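The sequence lines fix the lettering, A, B, ..., with proteins before strands; numbering per chain opens at 1. Hydrogens, waters and symmetry mates play no part in the numbers below; they use all other heavy atoms, side chains included. Source: prediction; values computed, not measured.
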2 protein chains.
Amino acid sequence: MPRLADPALPARRRGQILEAARYCFRERGFRHTTVEEICAEARISPGALYRYFDSKTEIITAIALDARAEAEALLDRLSGSDALVEALAELAQAFFTAFDSDGDAALLADIWAEACRDPLLAQALRERDQAALARMTQAIERAQEAREIYPALAAREIAETLLATLEGMALQRALRRENANGDAVRRFRALALHLLKPKR
Amino acid sequence: MPRLADPALPARRRGQILEAARYCFRERGFRHTTVEEICAEARISPGALYRYFDSKTEIITAIALDARAEAEALLDRLSGSDALVEALAELAQAFFTAFDSDGDAALLADIWAEACRDPLLAQALRERDQAALARMTQAIERAQEAREIYPALAAREIAETLLATLEGMALQRALRRENANGDAVRRFRALALHLLKPKR
DNA sequence: ACCTGAACACCGTTCAAGT
DNA sequence: ACCTGAACACCGTTCAAGT
């Protein structure tokens with residue numbers, strides 16, 4: 001008999017449950033997904049699941065944080081680039097692709113709804129959001145200093161507007177079940193162009 | 001004994017239930033609101049409630065349609081105006097005020113999430129959305145024809161972007177629990193200005 | 001005709017019993 | 001130590017019984 005059980009087991013089980021949960025949530029959303037369904041998908045019993053998560057809400061929180069972290073990671077491509085508008089267009093392209101195929105976009109909407117009701121999750125997402133905002137603001141400031149664009153508006157204002165628009169467009173696409181993303185990317189690019197290079 | 005019961009009763013009961021439901025949904029969201037709570041708030045029994053609505057989902061649908069209709073009605077103020085940018089700023093102001101005090105903004109998020117999962121609701125909201133889009137497009141076209149603004153971008157593209165941004169900003173505000181709306185309105189106004197008057 | 005509230009089926013969570 | 005699955009409390013929905 002081993003004195004210590006496999007120390008990697010908890011992490012593995014949590015991963016296994018989260019993967020199953022994410023699949024179910026994408027398919028049917030938070031509201032319509034049953035713990036029993038997650039258990040079936042993860043091939044685990046309810047009792048075992050509740051050994052690794054305190055509640056369905058905690059699973060939702062974990063999925064939400066994960067998805068938003070993924071989204072924020074896309075901002076990496078802004079750092080190196082020196083053609084800001086093109087980099088922003090690529091960011092939009094990547095964002096829409098990541099939250100594209102049906103369920104993923106709906107998952108975004110679910111996350112917003114849950115965050116509005118759960119103060120803990122809201123706090124965590126606000127922090128992520130601030131980080132994303134800071135990174136985009138910095139990228140814009142660098143471009144302004146390099147005279148690549150004209151500082152007609154405060155960098156932070158532009159960043160806030162661009163992020164809000166990205167989010168809003170993602171939701172529109174979810175509602176309309178648009179899978180092609182050319183239109184949205186083009187519109188986002190035009191927006192960035194007009195905000196960053198106002199031709200004054 | 002009356003041959004016909006009060007013909008206004010069904011409408012009254014439905015209104016009574018919807019008002020109670022809206023209060024509960026604002027307070028706790030779709031997911032965390034109980035039919036029992038709605039019944040208590042409406043001072044009615046579960047059996048009576050199910051006489052007027054087939055399911056909790058149907059109540060949610062009714063509330064969602066109602067809220068979006070309210071939002072679309074705000075577009076009225078674009079029709080008469082001849083100072084488009086100012087009218088847009090006022091629209092944003094009205095929108096943020098309507099979906100301001102705490103629960104209302106969260107309700108918006110709930111509606112998006114539900115719409116992504118319920119094809120019937122999605123269809124209905126898409127129709128409302130198209131109508132809103134058409135109205136804003138028309139207002140922009142009129143301004144372009146009047147040479148008030150320069151037709152640098154297609155009116156419909158601008159309208160799509162502005163509506164997406166309005167939605168995205170409303171969600172950001174919900175997450176951050178911002179009650180003052182000066183910042184968001186100012187940013188939206190700047191956005192409209194840059195998209196509509198690109199100074200070419 | 002309209003309502004009540006107990007009853008039912010289902011879902012989130014727990015826990016005694018197994019290995 | 002870790003798991004199973006029956007049991008429990010709660011929530012959406014129905015229905016027999018009342019007026």
Side-chain angles (χ1 to χ4, degrees), chain A residues 1-25 27-64 110 113-114 117-118 120-121, chain B residues 1-25 27-64 110 113-114 117-118 120-121:
Chain A
M1 174 159 99
R3 275 211 340 176
L4 222 53
D6 179 0
L9 181 60
R12 212 171 61 234
R13 281 274 183 278
R14 281 181 65 97
Q16 175 184 357
I17 293 165
L18 287 177
E19 196 186 346
R22 181 155 183 160
Y23 173 82
C24 293
F25 289 155
E27 210 71 13
R28 291 179 291 281
F30 296 157
R31 204 167 88 80
H32 299 291
T33 293
T34 285
V35 170
E36 201 186 354
E37 291 169 337
I38 299 175
C39 288
E41 186 67 27
R43 290 170 211 290
I44 210 175
S45 70
L49 183 145
Y50 278 94
R51 193 167 244 283
Y52 298 100
F53 290 93
D54 281 348
S55 63
K56 180 183 174 186
T57 295
E58 204 189 292
I59 299 178
I60 289 174
T61 302
I63 296 287
D110 264 345
E114 192 67 17
R117 301 303 175 180
D118 177 348
L120 266 302
L121 179 57
Chain B
M1 173 159 99
R3 275 212 336 178
L4 222 50
D6 179 359
L9 180 60
R12 211 172 61 234
R13 281 275 183 276
R14 281 182 64 98
Q16 175 186 356
I17 292 165
L18 287 177
E19 195 187 346
R22 181 154 186 164
Y23 173 82
C24 294
F25 289 155
E27 210 73 13
R28 288 179 294 280
F30 295 158
R31 204 167 88 79
H32 299 290
T33 293
T34 285
V35 170
E36 202 186 354
E37 290 168 338
I38 299 175
C39 288
E41 185 67 30
R43 289 168 210 289
I44 210 175
S45 70
L49 183 145
Y50 279 94
R51 192 165 244 283
Y52 298 100
F53 290 93
D54 281 347
S55 62
K56 181 184 173 184
T57 295
E58 203 188 292
I59 300 178
I60 289 174
T61 301
I63 295 287
D110 264 345
E114 192 67 17
R117 302 301 176 180
D118 178 348
L120 266 303
L121 179 57

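Secondary-structure annotation of DNA chain D gives the stems C:4-8 with D:12-16, C:12-16 with D:4-8, with a stem taken as at least 3 successive Watson-Crick or G-U pairs whose two distances both fall under 3.5 Å.
Note: CZ (B/Arg43) to P (C/dC3) measures 16 Å, nearest angstrom. Atom P of nucleotide C/dT13 and atom CD of A/Glu36 are separated by 13 Å, given to the nearest angstrom. For the pair A/Phe53 CZ and C/dT13 P, the computed distance is 13 Å after rounding to whole Å. When the C1' atom of D/dC10 is taken as reference, atom CZ of B/Arg31 falls 15 Å away, rounded to whole Å. Whole-Å rounding puts the A/Leu49 CG to C/dT13 P distance at 9 Å. Nucleotide C/dC2 holds its P atom 12 Å from the CD1 atom of B/Ile44, rounded to whole Å. Counting to the nearest Å, the C1' atom of C/dT4 and the CZ atom of B/Arg13 are 12 Å from each other. Put simply, NE2 on A/His32 is 16 Å from C1' on C/dG12, counting in whole angstrom units.
Looking only at side-chain heavy atoms (C-beta outward), B/Leu49 and B/Ile59 come within less than 4.5 Å of each other. B/Tyr23 places none of its side-chain heavy atoms less than 4.5 Å from the side chain of B/Glu19.
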Test side-chain contact (heavy atoms from CB on, under 4.5 Å) on A/Phe25 and A/Ile38; report intermediate values, then the result. CA-CA 9 Å; A/Phe25 289 155; A/Ile38 299 175; 4.1 Å; yes
Could you please spell out the steps behind the side-chain contact (heavy atoms from CB on, under 4.5 Å) verdict for B/Ile44 and B/Arg13? CA-CA 9 Å; B/Ile44 210 175; B/Arg13 281 275 183 276; 3.7 Å; yes
Go through the steps for B/Thr61 and B/Leu120 under the test side-chain contact (heavy atoms from CB on, under 4.5 Å), then give the verdict. CA-CA 9 Å; B/Thr61 301; B/Leu120 266 303; over 6 Å; no
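Out of D/dC3, D/dG12, C/dC3, the shortest distance to the side chain of B/Val35 is found at D/dG12. The side chain of B/Arg51 lies closest to C/dC2, out of D/dG5, D/dG12, C/dC2.
Residue pairs satisfying the side-chain hydrogen bond (donor to acceptor under 3.5 Å, both in side chains) criterion with at least one member in residues 33-55 of chain B, sequence neighbours excluded, are listed as follows: B/Arg28-B/Glu37.
Within 4.0 Å (heavy atoms only), A/Tyr52 reaches sugar-phosphate atoms of the nucleic acid but no base atom. If you check every strand for non-hydrogen atoms under 4.0 Å, A/Ser45 touches a base.
Remark: B/Arg31 does not engage B/Asp110 in a salt bridge, criterion side-chain N to carboxylate O under 4.0 Å. Using a 4.0 Å cut-off between a side-chain N of Lys or Arg and a carboxylate O of Asp or Glu, A/Asp6 and A/Arg12 qualify as a salt bridge.
Residues from residues 14-24 of chain A that place a heavy atom under 4.0 Å from any atom of DNA chain C: there are none. Less than 4.0 Å separates DNA chain D from at least one heavy atom of each of the following residues of residues 55-63 of chain B: B/Ser55, B/Lys56.
Contact record, B/Ala113 with A/Ala113: CB-CB, 4.0 Å, taken as the closest heavy-atom pair.
Distance CD1/A/Ile17 to CD1/A/Ile63: 10.5 Å, rounded to 0.5 Å.
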Atom pairs, N/O to N/O, protein against nucleotides 15-19 of chain C, distance under 3.5 Å?
none

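Considering only residues two or more places apart in sequence or on other chains, B/Phe53 meets the ring-ring contact (aromatic ring centres under 6.0 Å, His included) condition with none of them.
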